[in-house]
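Below you'll find the structure, written out as C-alpha cells, and then a few comments.
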2 protein chains.
Amino acid sequence: MLERKVKTVRALERGLDVLVEVQARRAVSLHELHQALKLPKATLLRMLLTLGRKGLIWQRLADGAYLPHLGPAARGTGSAVEHIAEIASPYMKALSTKVAWPSVLGVPRLDHMEILETNSPLFRLDSAILGPVGVKLSYIHTATGRAYLAACDEQEREAIIARLRPKDAAPGSEEDLRAILKETRERGYALREPLHPWPDRSKQLVLRDGRRSMAVAIMANGAPIATINLTWPAKRGTDEAVMHRHLEALQQTAQAIGLAVAAQSVSAPIAGNAA
Amino acid sequence: MLERKVKTVRALERGLDVLVEVQARRAVSLHELHQALKLPKATLLRMLLTLGRKGLIWQRLADGAYLPHLGPAARGTGSAVEHIAEIASPYMKALSTKVAWPSVLGVPRLDHMEILETNSPLFRLDSAILGPVGVKLSYIHTATGRAYLAACDEQEREAIIARLRPKDAAPGSEEDLRAILKETRERGYALREPLHPWPDRSKQLVLRDGRRSMAVAIMANGAPIATINLTWPAKRGTDEAVMHRHLEALQQTAQAIGLAVAAQSVSAPIAGNAA
DNA sequence: GTGCGCGTTGCATAAGGTGAAACACGCGGA
DNA sequence: TCCGCGTGTTTCACCTTATGCAACGCGCAC
C-alpha cells in the first residue's frame with residue numbers, strides 16, 4: 001500500500017485534500033480554501049461541486065459556506081439534531097421560490113434561539129437581509145422564539161421561562177407571557193406581537209426594525225427541534241394578506257423538514273463487543 | 001450547489017465512488033471493486049493507492065482486502081478497539097522484516113480468540129500460512145489464548161474460564177490451568193505447552209499441526225486488548241533458539257502497538273445541546 | 001503439469017483537468 | 001450616487017495526466 005510502483009491520481013489526491021480541509025474546519029468559504037490549499041478557485045469550484053454531488057459536503061444558503069456532510073458517523077452525538085440545517089437547507093431553498101419573503105431556521109439554546117440557516121441571500125431585496133448564522137434571537141420578543149416556547153413540553157418551557165424571568169418582573173407579566181404562548185399554540189403559528197414587558201438584549205432591536213414575522217415549530221417524533229419563520233417589511237395593511245397567502249406554505253415546509261429529520265434519525269447499529 | 005454550470009471532476013468523482021464502495025462493504029478485494037464499479041483494475045489500483053496515502057482506507061496484510069479507515073467518527077462505538085487491526089498492521093509488517101516467522105493478531109471473544117490480522121502472506125514459506133481473518137483460536141490450547149487469559153484481570157479471567165469449563169472437568173484440572181496461566185504471567189510470554197486436558201473444538205488441530213508458537217498480550221491503558229504471536233514449524237532442538245532470538249522483538253512490537261492504540265483513544269468531544 | 005483467476009506493470013492515446021483571464025455582483029466608502 | 005475592491009463564477013485553449021488495453025507474474029486448484 002505504501003510503496004507501490006504505480007503513480008497516484010493527482011485529481012483525486014487534490015480533491016481529497018479539499019474534502020479533508022472542509023472536514024477539518026467545520027465551515028469554510030471558497031476563498032479560505034483558495035488560500036489554504038493554493039488552488040485556483042475555478043478548480044476548487046469544480047471539486048466542491050463534485051464532492052457535493054457525491055453527498056460528502058453541502059453548501060449553506062446563509063453565507064455560501066461549505067460544510068461537511070455528517071455521515072452515519074456522528075450519530076449518537078445528539079442524534080440527527082446536528083444535521084437539521086443540512087436537511088432543512090434544500091426545503092428552504094424551495095420555499096424561497098414559492099414565497100416572496102425570506103426565512104430563518106432557528107434552534108433552541110439555553111436562553112435564546114440561534115440561527116442555523118437562512119435563505120435570505122436568495123432574495124435581491126435589501127430589506128431581506130436576515131442576520132448571519134449564529135445570531136441570537138430572543139425567546140420572548142421574536143416569532144421564532146415564541147413558536148418554540150409554545151410548542152415544547154411544559155417542563156422545558158418552565159425551565160426556559162425561569163431562566164429568562166427578570167428579578168424585578170412586574171406582577172402579572174409572567175401570566176401575560178403564558179397567555180401569549182397559549183394563544184400561539186391554539187392559533188398554530190407565532191407572531192412577535194403582542195409586546196411583552198420583560199427586557200432582553202434584542203428587545204429594542206426587534207421593536208424598531210420595521211419588520212413583521214411569523215414562525216412555526218418544526219416537529220420531529222412529537223417534539224419541536226427547531227423553528228422556521230417568514231419575515232417581511234411592515235407596510236400598513238399588508239400584513240394580513242402576507243400571512244394569509246404564505247402561512248400554508250410555511251407550515252408545509254416545516255412539516256416536510258420535520259419528517260425528513262425523523263427519517264434520518266434511525267439509530268446506527270452498535271457493534272457489540274464481548275467481555 | 002446542485003445546478004452549477006461547471007463540470008464535475010471525473011477523476012475525483014470516480015475516486016469517491018471507490019471510497020464509498022469500500023465504506024459500504026466493510027472489506028473488499030480489488031476484484032470485487034472491479035466487478036462492482038466496472039473500472040479497470042489498473043485504474044482502481046491507482047485510486048486505492050491515492051486513498052490509502054490520504055489515510056482514508058488501508059489494506060489488510062492478511063488477505064490484501066481494502067478496509068475503510070475509521071475516522072474520529074466511529075468513536076463511542078467501542079472506543080478504539082475496532083481499529084486495532086488497522087493500527088497494528090504496519091507494526092506487523094515491520095516485524096515481518098525483523099523476524100523469520102509469521103505472526104497473528106488476535107482479540108478476545110466470548111469463548112475464543114479471533115484472528116483480526118496476520119502478516120503471514122508476507123512470507124514465502126508454505127509452512128507459514130496462518131488461518132485467514134476470522135479464524136477462532138482456543139483460549140486453552142493456543143499461546144494466543146493463554147497470553148490473553150494470563151494478562152486480563154481476575155474477574156474477566158474467571159468469567160471466561162467459567163464459560164469454558166466442561167461439565168465433567170477432571171478434578172484438579174482447573175487448578176492446572178490456573179497454574180499454567182500463573183507461570184505464563186511470571187514468564188512474560190505464553191506458550192501452547194504444556195498440554196491441558198479440557199476439550200475444545202481446536203484442541204486436536206493444535207496438537208498435531210507440527211508448529212510451535214509463543215504469544216504476548218498487547219496492553220493499552222493497563223488492560224490487555226489483543227495479543228500477538230509468533231508461529232514456527234517444530235523442528236527438534238530449534239525452539240529455544242527461535243524463542244530466544246525473537247522474544248524481544250515480539251514484546252517490543254506488542255508494546256509499540258499498545259502505545260499507538262492508547263494514543264488513539266482520546267475521546268471525541270461531545271457536542272452539548274441545551275434543554 | 002497446466003490452466004485459470006487475480007493482482008500488477010507498462011505504455012500509447014486523447015480525455016479531461018487545469019488555471020489565467022475575463023466577467024458578475026454586492027458591499028463599503030467617498 | 002458613484003466608484004473600487006473583494007469575492008464568487010464562467011469561459012476556454014493548452015498540455016498535463018488519467019485511462020484502459022495488453023502483457024506479465026504468481027499462486028492455487030485440479
Side-chain angles (χ1 to χ4, degrees), chain A residues 1-18 22 27-53 57 59-66 102 118 120-132, chain B residues 1-19 22 27-53 57 59-66 102 120-132:
Chain A
M1 181 61 109
L2 308 98
E3 68 308 333
R4 277 265 181 55
K5 306 300 166 58
V6 295
K7 288 194 287 192
T8 61
V9 180
R10 200 181 69 122
L12 176 55
E13 205 166 9
R14 310 201 320 174
L16 293 173
D17 285 338
V18 174
V22 171
V28 62
S29 70
L30 182 67
H31 188 63
E32 285 176 297
L33 286 173
H34 170 59
Q35 297 184 138
L37 299 174
K38 308 281 176 59
L39 292 177
K41 292 183 182 180
T43 301
L44 285 171
L45 227 36
R46 268 171 301 122
M47 288 170 171
L48 289 167
L49 173 65
T50 307
L51 291 169
R53 284 260 237 266
I57 64 171
Q59 188 171 21
R60 188 159 55 191
L61 295 173
D63 50 11
Y66 296 93
T118 171
S120 82
L122 300 178
F123 295 85
R124 301 308 198 78
L125 314 153
D126 294 355
S127 59
I129 48 169
L130 301 182
Chain B
M1 181 61 108
L2 309 98
E3 69 308 331
R4 277 263 183 56
K5 304 301 166 57
V6 295
K7 288 193 287 191
T8 61
V9 180
R10 201 180 69 123
L12 176 55
E13 204 165 9
R14 310 200 317 173
L16 293 174
D17 285 337
V18 174
L19 175 59
V22 172
V28 62
S29 70
L30 180 65
H31 187 63
E32 286 176 298
L33 286 173
H34 170 59
Q35 296 185 137
L37 299 175
K38 307 281 175 60
L39 292 178
K41 293 182 182 179
T43 302
L44 285 171
L45 226 38
R46 268 171 300 125
M47 289 171 169
L48 289 167
L49 174 66
T50 307
L51 291 169
R53 284 258 237 266
I57 64 172
Q59 189 172 19
R60 188 158 56 191
L61 295 173
D63 51 10
Y66 296 94
S120 82
L122 299 179
F123 295 84
R124 300 307 196 80
L125 314 153
D126 295 354
S127 58
I129 48 170
L130 300 183

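Only a predicted model underlies this, so the values are computations on that prediction, with no experimental measurement involved. Sequence lines set the chain letters: A, B, ... in the order given, protein chains first and strands last, and positions in each chain run from 1.
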Across the strands shown, which category fits B:Thr50 at heavy-atom distances under 4.0 angstrom: base, sugar-phosphate, nothing? nothing
Just checking B:Ala11: base, sugar-phosphate only, or nothing, at a heavy-atom cut-off of under 4.0 Å? sugar-phosphate
Is there side-chain contact between B:Leu33 and B:Leu48, with heavy atoms separated by less than 4.5 Å? yes
How many Å lie between [atom1] on [X] and [atom2] on [N], as a whole number?
X	N	atom1	atom2	result
A:Leu122	C:dG26	CG	P	12 Å
B:Leu44	D:dG20	CG	P	10 Å
B:Leu33	C:dC6	CG	P	13 Å
B:Lys41	C:dG5	NZ	C1'	7 Å
A:Leu37	C:dT18	CG	P	13 Å
B:Leu12	D:dT19	CG	P	11 Å
B:Arg14	D:dT17	CZ	P	17 Å
B:Leu45	C:dG10	CG	C1'	13 Å

Using a cut-off of strictly less than 4.0 Å, decide whether B:Thr43 has a side-chain nitrogen or oxygen near OP1 or OP2 of D:dG20. yes
With a 4.0 Å limit, can you tell me whether B:Arg46 has a side-chain N or O closer than that to the phosphate oxygens OP1/OP2 of C:dG7? no
Tell me the closest heavy-atom pair linking [X] and [Y], and the distance in Å.
X	Y	value
A:Lys38	A:Gln35	CE-O, 3.6 Å
A:Pro121	A:Ala62	CG-O, 3.0 Å
A:Leu51	A:Gly15	CD1-O, 4.0 Å

Look at the side chain of B:Leu30 and decide which nucleotide, out of C:dG17, C:dT8, D:dG8, has an atom nearest to it. C:dT8
Distance from A:Arg46 atom CZ to B:Arg10 atom CZ, nearest 0.5 Å? 14.0 Å
Between A:Ala42 and B:Leu39, which residue's closest nucleotide on DNA chain D lies nearer the 5′ terminus? A:Ala42
Closest to the 5' end of DNA chain D, once A:Thr8 and A:Gln35 are matched to their nearest nucleotides, is A:Gln35
